[in-house]
Chemist: 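Input: one structure, supplied below.
Predicted model, so just to flag it, every value in this text is computed and none were measured. All residue numbers in this chain count up from 1 along the given sequence.
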Amino acid sequence: MTPRRAFSVVLAVLLFPLATTAQAELLRSGPWELGIGGQIGVPRGHVKVGENTTPGNRLRLHGDLGIDLSESVDLRIAYHVTAEDALRFSFSSLFLYGSKTLPRDTFFNGAILAGGTNLNTRPQLFRLTALYARNLLPPQSGGSFEGVAGVTFVYMDFKMNGMLAPTTRGRETKEDFYAQELPIPLLGFRTGYPLTDRLRLLGSLLGGYLPRVSSLRNEGGDVKLTQSHADVALGLEYGLTPTIRIEGGYRYTYFVQHETSREDDNDFRLSDNALTGSVSWRF
């Protein structure tokens, strides 16, 4: 599924509740919550992949790889254990597609990509997150302030397609960052403030960090890993019915993964400012 087709599906799902409001009013709220959403953002950052004695070039996502937009589709499910406690799970797929003509020979993962030729970037990037949330405000307050703890795991296979230079020794134009990835512990909060009977202001902050640790993998020696992650979101939620809600707003995402060993020196950094939209159903 292409990114634009995926967003068409998300928009269709977002509009579907508008046509089924009367039927939704008959539903009774339950402990489960299902949501689907998407986002369009402006990504910045870089990727650098070195191999053995060949250091990789630092390639900027926007300036060097032509990645002008980020597009994401995500699926969320939650189980409300009690009125104050919930288990939340989410899966998202981030599209960072770009195309650019290389101004000069470029080193990536031990291979030399020929200058003057076109380079297409098509990384596979998925994220799986599991969280426990507890509302710290009394129910009669009308608002919510959830303390959140959990883990997130990012699967990234950074793939590029381009012409190799005649002088290259390496032939591989991708890097499997997922092979050294570890789950990142997360801490943060989610808050909601009622503006009207149906409209709420939402905000959240979530972050995690791994200092330089062993990835428990061996590639030219023990691979040391540093990772960090941050998500900041602000938006509005509108209740179409007692069980169906739509949400829109802004989200900032920051992610870093840096791997080093006697053989590798790989670094990926992403800073993404995005507009988001979603719909959720409580049943």
Chemist: Could you list the residues that satisfy salt bridge (charged side-chain N to carboxylate O under 4.0 Å, His left out) with Arg122, not counting sequence neighbours?
Modeler: none
Chemist: Please list, chain by chain and in numerical order, all residues satisfying salt bridge (charged side-chain N to carboxylate O under 4.0 Å, His left out) with Lys100, sequence neighbours excluded.
Modeler: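 Lys100 satisfies salt bridge (charged side-chain N to carboxylate O under 4.0 Å, His left out) with no other residue.
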Chemist: Who pairs with Tyr209 by side-chain hydrogen bond (donor to acceptor under 3.5 Å, both in side chains), at least two apart in sequence or on another chain?
Modeler: none
Chemist: Run through Gln257, His258, Arg212, Glu181 and flag the one making a side-chain hydrogen bond (donor to acceptor under 3.5 Å, both in side chains) with Gln227.
Modeler: Glu181
Chemist: Do Glu84 and Arg134 meet the salt-bridge criterion of a basic N to acidic O distance under 4.0 Å?
Modeler: no
Chemist: Quick check: do Glu33 and Arg88 have side-chain heavy atoms less than 4.5 Å from each other?
Modeler: yes
Chemist: Which atom pairs, donor and acceptor, lie under 3.5 Å between side-chain atoms of residues 149-159 and protein residues at least two apart or in another chain?
Modeler:
{"unit_1": "Thr152", "atom_1": "OG1", "unit_2": "Arg127", "atom_2": "NE", "d": "2.8"}
{"unit_1": "Thr152", "atom_1": "OG1", "unit_2": "Leu128", "atom_2": "O", "d": "3.4"}
{"unit_1": "Thr152", "atom_1": "OG1", "unit_2": "Thr129", "atom_2": "OG1", "d": "2.8"}

Chemist: May I ask you to decide if Val223's main-chain N or O and Ser215's side chain share a donor-acceptor pair within less than 3.5 Å?
Modeler: yes
Chemist: Counting only N and O atoms by type, is there a donor-acceptor contact under 3.5 Å from the side chain of Thr117 to the main-chain atoms of Ala114?
Modeler: yes
Chemist: Can you list, by chain and residue number, the hydrophobic cluster partners of Leu210 when the side-chain cut-off is 4.5 Å?
Modeler: Leu182, Val213, Leu225
Chemist: How many angstroms lie between OG1 in Thr196 and CG in Leu201, if you round to the nearest 0.5 Å?
Modeler: 11.5 Å
Chemist: With the side chain counted from C-beta on, respond yes when Arg269 and Lys48 share a heavy-atom pair under 4.5 Å apart, and no when they do not.
Modeler: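 With C-beta onward as the side chain, the pair stays apart.
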Chemist: One pair to check against salt bridge (charged side-chain N to carboxylate O under 4.0 Å, His left out): Arg200 and Glu247. What are the steps and the verdict?
Modeler: CA-CA 9 Å; Arg200 287 204 309 160; Glu247 180 184 331; over 6 Å; no
Chemist: Take Val47 and Asp267 through the side-chain contact (heavy atoms from CB on, under 4.5 Å) test and state the conclusion after the steps.
Modeler: CA-CA 6 Å; Val47 62; Asp267 186 37; over 6 Å; no
Chemist: Closest heavy-atom contact between Ala86 and His80?
Modeler: CB-ND1, 3.8 Å
Chemist: Go through Ser99 and Asn118 one step at a time and tell me if the side-chain contact (heavy atoms from CB on, under 4.5 Å) criterion holds.
Modeler: CA-CA 7 Å; Ser99 182; Asn118 195 58; 3.1 Å; yes
Chemist: Which residues end up grouped with Phe107 if you chain together Ile, Leu, Val, Met, Phe, Trp and Tyr wherever their side-chain heavy atoms are less than 4.5 Å apart?
Modeler: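 Under the 4.5 Å side-chain rule, Phe107 groups with Ile112.
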Chemist: Less than 4.0 angstrom from a charged side-chain N to a carboxylate O is my criterion; do Asp222 and Lys224 meet it?
Modeler: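 Salt bridge flag = yes for Lys224 with Asp222.
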